[in-house]
Amino acid sequence: MLEIKYVRQNLFEVRQMLENRNDSADLNAFEQADEKRREILAGLEALRHERNVVSDEIAGMKKNGDDATNRIIQMREVSAQIKSLEAEIAEFDEKTKDVLIRIPNMPHKSVPVGKDENDNPVLYEVGTPAEFDFTPQAHWTIGEKLGILDFERAAKIAGARFPLYLGAGALLERALINFMLQAHTTEHGYTEVLPPFMVNRNSMTNTGQLPKFEEDLFKLENRDYFLIPTAEVPVTNIHQQEILDEARLPVKYVAYTPCFRSEAGSYGKDTRGLIRQHQFNKVELVKFSHPDTSYDELEALLADAESILKKLELPYRVILLCTGDLGFSAAKTYDIEVWMPAQNKYREISSCSNFETFQARRAGIRFKGKGMKKTDFVHTLNGSGLAVGRTVAALLENCQQPDGSVVIPKALRPFMGGKERITN
RNA sequence: GGAGAGAUGGCCGAGCUGGCUGAAGGCGCUCGCCUGCUAAGCGAGUAAUUGGGGAAACCUGGUUCGAGGGUUCGAAUCCCUCUCUCUCCGCCA
C-alpha cells in the first residue's frame, strides 16, 4: 500500500504510474472520498475535544458534590453529533481505503517503462546452451520414459496440472530442495523456516495477493483460509505488526514450501510438463531490510538465487521487468530464466523483487534503532531460490543423453546418495 | 466435541466496585554521575499512530489497552459478538 499522504500529494505521478502499469485503480473516487473524509474529520475532532474537556469537568464537579446535570444534558447532544459524524466518516474512510489497497506499488526509477513482457530488457546471459547432436526431448517425455514422472496417474488422483514423481524423480525433487536449503543456510546466511501452508485473509492482504487476485488462489470452503501461492506470504507475515531492532537487519529467511495456484486464465498455456502446475515446490528467500540498503540486498538476493543455477551448471539469463509486467506489490523485479533446450527458449525459474515499504506498510513491519525518534517501515524483499519443479524440468532437458538417461550435475550428487545418472 | 482461564506499552506484569490511568511496578534500552577496569550503585528519560503550529527544540488536538458493536456526559474497566492463546476431559495423527 502506498502512503495515503503520498497519493494525496502526488496524484499526477500516481496517475502516470497506473498508466505505465496498465492499471485501472479509480483515483478520482479516492480523491473525492479522501477530501470529504478530511472535511468531516476536522469537525469531528473538535467535537471530540469538547467532549473530553467537559467530561473532565463533570468528573471534577461530581467529586466536589456539585450538580452536573446541565453539563450532562448538554453533552448528550454533543455525543449524538459525534456518533452521527462517525457513521458518516466511516463511509468515506472505507471508500478511500478500498481504492488505496488496490493501487499497485510505485516502480523504482531504474525500472523501464514498457507495455508487456516483450519490453523486458535482457541484462545478461550466463552459461552456454549445450549443442545436442540429437533432437532434445521435452522433460515430460524424458520423465515419462524413465518412469520418474507420471502425469496420467496424477490426473486420476487430482486432475490436470498436478505432478506425480516416482522413484528417482521423487528423490531428485527432494534432493534439490535439500541442496538449495543447504546452500542458502550455510553459504548465504539465511535462517531456515518451515511455515504454515495455509494462511488467513489478513496475511494474504498484507503481501498484496488480496483483495485484487483472489481468483488466483485456492480457498478452503467454509473457512477463511487460503493455500499459499508462495512462501512469501507466510514468511513475510512472520513479523507483521512488529517493531524490529535496527541492529537485527537485514533479517533473512529461507523456506521450502509447496505452492498452490489456481492458474485461472492460463488455460491452454504450458498444458504439458512441470512448468505450470496447481501444486509445485519452491525454496523461497525473504529479507527484511533497512531502507537504505534494500537495493544492495536485492542484488545480493539475485546473486544467491543465481548461485544455485551456477552450481547446477544450467544456462540462464537475467531480465529486468518493465512497468507493464511488474507485479502488483513490487517496486523492482529481476526474473531469472533458465534455458529449456526442447522449447528452445528461456523460461522463468526465479523472480527476485524489492517491495520497498509496500508490504511492510500493509503488514505493520517496522524497525527502530539507536538515535531514532520514530519507527520506520522496513523494506521487504523476496525471490525464488529456486522453483523446484522447473529446476527438475530444466535439469532433465539440459542433462539428457542420447540414450534417454539423465546425468546428474556433480554438485547435486551428494544429495542423491551418490547417484550419477538416472536410467531406466 | 465438552468445561474453564486469558488477550494491556520493546518484554514481563498491575489496573478491571467506570472519571485524577496512555496506563503502577519490574526488566530492557538511552543519557548523566560514581568506580582503577568490569560488575554493582545513584539520578533522569523511554508507547504507537494521525492532524495543526514552528526553521528547529518544542507546543498542541484526535485515536489506540486482541477486533467489532453497545450502554454512558465519560469505558482498559460494564454488556454483546467474533478471533486468537492457554489448561483439563474426550477423540485422533
Side-chain angles (χ1 to χ4, degrees), chain A residues 1-10 30 33-98 100-101 194-206 210-211 219-220 222-226 234 237-249 251 288 290 357-378:
Chain A
M1 189 162 61
L2 299 176
E3 189 182 9
I4 189 164
K5 213 192 306 180
Y6 175 86
V7 177
R8 195 145 61 210
Q9 293 168 357
N10 300 276
F30 168 83
D34 180 55
E35 198 175 321
K36 195 81 210 259
R37 188 188 70 88
R38 302 181 73 199
E39 197 181 299
I40 298 166
L41 189 61
L44 178 59
E45 291 199 344
L47 285 175
R48 279 173 172 166
H49 179 54
E50 186 183 351
R51 181 181 67 185
N52 290 342
V53 170
V54 177
S55 285
D56 274 356
E57 258 178 57
I58 292 169
M61 290 167 86
K62 287 213 163 178
K63 201 171 160 194
N64 293 329
D66 296 338
D67 179 28
T69 313
N70 283 343
R71 309 245 71 177
I72 288 175
I73 289 168
Q74 179 193 339
M75 275 306 103
R76 257 178 217 156
E77 210 151 299
V78 172
S79 266
Q81 278 182 55
I82 288 175
K83 203 161 276 185
S84 86
L85 281 182
E86 278 175 343
E88 205 180 327
I89 207 168
E91 196 184 308
F92 294 102
D93 215 30
E94 206 170 307
K95 276 186 193 163
T96 53
K97 281 199 182 125
D98 191 61
L100 201 58
I101 207 155
L194 186 57
F197 300 161
M198 291 183 222
V199 300
N200 56 35
R201 181 172 290 275
N202 181 243
S203 290
M204 281 292 185
T205 306
N206 286 344
L210 292 180
K219 182 177 187 315
L220 296 214
N222 305 321
R223 313 231 19 186
D224 216 14
Y225 288 145
F226 298 84
N237 275 287
I238 287 174
H239 293 299
Q240 63 166 288
Q241 298 302 132
E242 288 186 25
I243 299 171
L244 304 173
D245 184 351
E246 185 182 27
R248 277 185 65 192
L249 302 179
V251 176
F288 301 82
H290 193 286
T357 60
F358 191 85
Q359 295 178 327
R361 180 170 286 111
R362 289 177 169 226
I365 309 169
R366 293 166 292 172
F367 74 97
K368 194 169 183 179
K370 287 186 184 182
M372 284 176 70
K373 289 199 76 169
K374 294 183 53 93
T375 62
D376 200 357
F377 289 109
V378 301

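This one's a predicted model, so the numbers in the text were calculated from it and none came from an experiment. Any value given below was found using the heavy atoms of this structure, including those in side chains, with hydrogens, waters and symmetry copies removed. Residue numbers begin at 1 in each chain, while the letters A, B, ... track the order of the sequences.
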Item to check | Proximity to the side chain of K374(A) - top-ranked nucleotide from rU49(B), rA48(B), rC73(B) | outcome: rU49(B)

Checklist entry - Quantified in whole Å, what is the C1' atom distance between nucleotide rG62(B) and nucleotide rC88(B)? => result 46 Å

Checklist entry - CD1 of I89(A) versus C1' of rG62(B): gap in Å, rounded? => result 11 Å

Checklist entry - Touch check for R48(A), heavy atoms < 4.0 angstrom, all strands: base, sugar-phosphate only, or nothing? => result sugar-phosphate

Item to check | Span that lies between the P atom of rG6(B) and that of rU63(B), in whole angstrom | outcome: 29 Å

Checklist entry - Can you tell me how far P in rU64(B) sits from the matching atom in rA75(B), rounded to whole Å? => result 9 Å

Item to check | Whole-Å P distance, rG2(B) and rG74(B) | outcome: 38 Å

Checklist entry - Using atom P of each nucleotide, how far apart are rC12(B) and rG66(B) to the nearest Å? => result 14 Å

Checklist entry - Of the nucleotides rU63(B), rG74(B), rG10(B), which has the atom closest to the S79(A) side chain? => result rG74(B)

Checklist entry - From the list rG51(B), rU71(B), rG19(B), which nucleotide is the closest neighbour of the side chain of A59(A)? => result rG19(B)

Checklist entry - Can you tell me how far C1' in rU83(B) sits from the matching atom in rC11(B), rounded to whole Å? => result 24 Å

Checklist entry - Which of these, E35(A), R37(A), E39(A), sits in a side chain to side chain contact (heavy atoms under 4.5 Å, CB included) with F92(A)? => result R37(A)

Next on the checklist: Quick check for you: among rC73(B), rG62(B), rG10(B), whose closest atom lies nearest to any side-chain atom of N52(A)?
Outcome noted: rG62(B)

Item to check | Counterpart base for rG6(B), defined by Watson-Crick or G-U wobble contacts under 3.5 Å | outcome: rC84(B)

Item to check | rG15(B) versus rG25(B) - spacing of their C1' atoms, nearest Å | outcome: 11 Å

Checklist outcome for this item: L244(A) atom CG is separated from rA48(B) atom P, nearest whole Å, by 15 Å

Checklist entry - The side chain of I58(A) lies closest to which of these nucleotides: rA48(B), rG19(B), rG62(B)? => result rG19(B)

Next on the checklist: If we count only N and O atoms by modelled type, under 3.5 Å, do the side chains of Q74(A) and R71(A) hold a donor and an acceptor together?
Outcome noted: yes

Next on the checklist: If you assign R76(A) and R366(A) each to the RNA chain B nucleotide with the nearest heavy atom, which residue ends up on the more 5' nucleotide?
Outcome noted: R366(A)

Next on the checklist: So for E45(A) and rG61(B), does any side-chain atom that can act as donor or acceptor lie under 3.5 Å from a complementary atom in the base?
Outcome noted: yes

Checklist outcome for this item: Out of rU49(B), rG61(B), rG51(B), minimum distance to the side chain of K5(A) belongs to rG51(B)

Checklist entry - Looking across every strand, which nucleic acid part, if any, lies under 4.0 Å from K368(A) by heavy atom: base, sugar-phosphate, or nothing? => result sugar-phosphate

Checklist entry - So, do V251(A) and H239(A) sit near enough that their side-chain heavy atoms are less than 4.5 Å apart? => result yes

Checklist outcome for this item: From the candidates rG61(B), rU63(B), rU49(B), the one with an atom nearest any side-chain atom of H49(A) is rG61(B)

Checklist entry - Do K368(A) and D245(A) meet the salt-bridge criterion of a basic N to acidic O distance under 4.0 Å? => result no

Next on the checklist: Closest-nucleotide mapping onto RNA chain B: is E50(A) or I4(A) further toward the 5' terminus? I mean the 5' end.
Outcome noted: I4(A)

Checklist entry - When you measure from the side chain of Y225(A), which nucleotide among rG74(B), rA47(B), rC84(B) comes out closest? => result rC84(B)

Item to check | Minimum-distance nucleotide (side-chain atoms of K83(A) versus rU71(B), rU49(B), rC73(B)) | outcome: rU71(B)

Checklist outcome for this item: To the nearest angstrom, the NZ-C1' distance between K63(A) and rU21(B) comes to 13 Å

Next on the checklist: Suppose you measure atom P in rC34(B) against the same atom in rA57(B); what distance do you get, rounded to whole Å?
Outcome noted: 30 Å

Checklist entry - Just checking, any donor-acceptor pair under 3.5 angstrom between side chains of N237(A) and N206(A)? => result yes

Item to check | Nearest-neighbour nucleotide for the S55(A) side chain, rU49(B), rG19(B), rC20(B) considered | outcome: rG19(B)

Next on the checklist: Exactly one of T205(A), L100(A), T357(A) should register a side chain to side chain contact (heavy atoms under 4.5 Å, CB included) with M1(A). Which one does?
Outcome noted: L100(A)

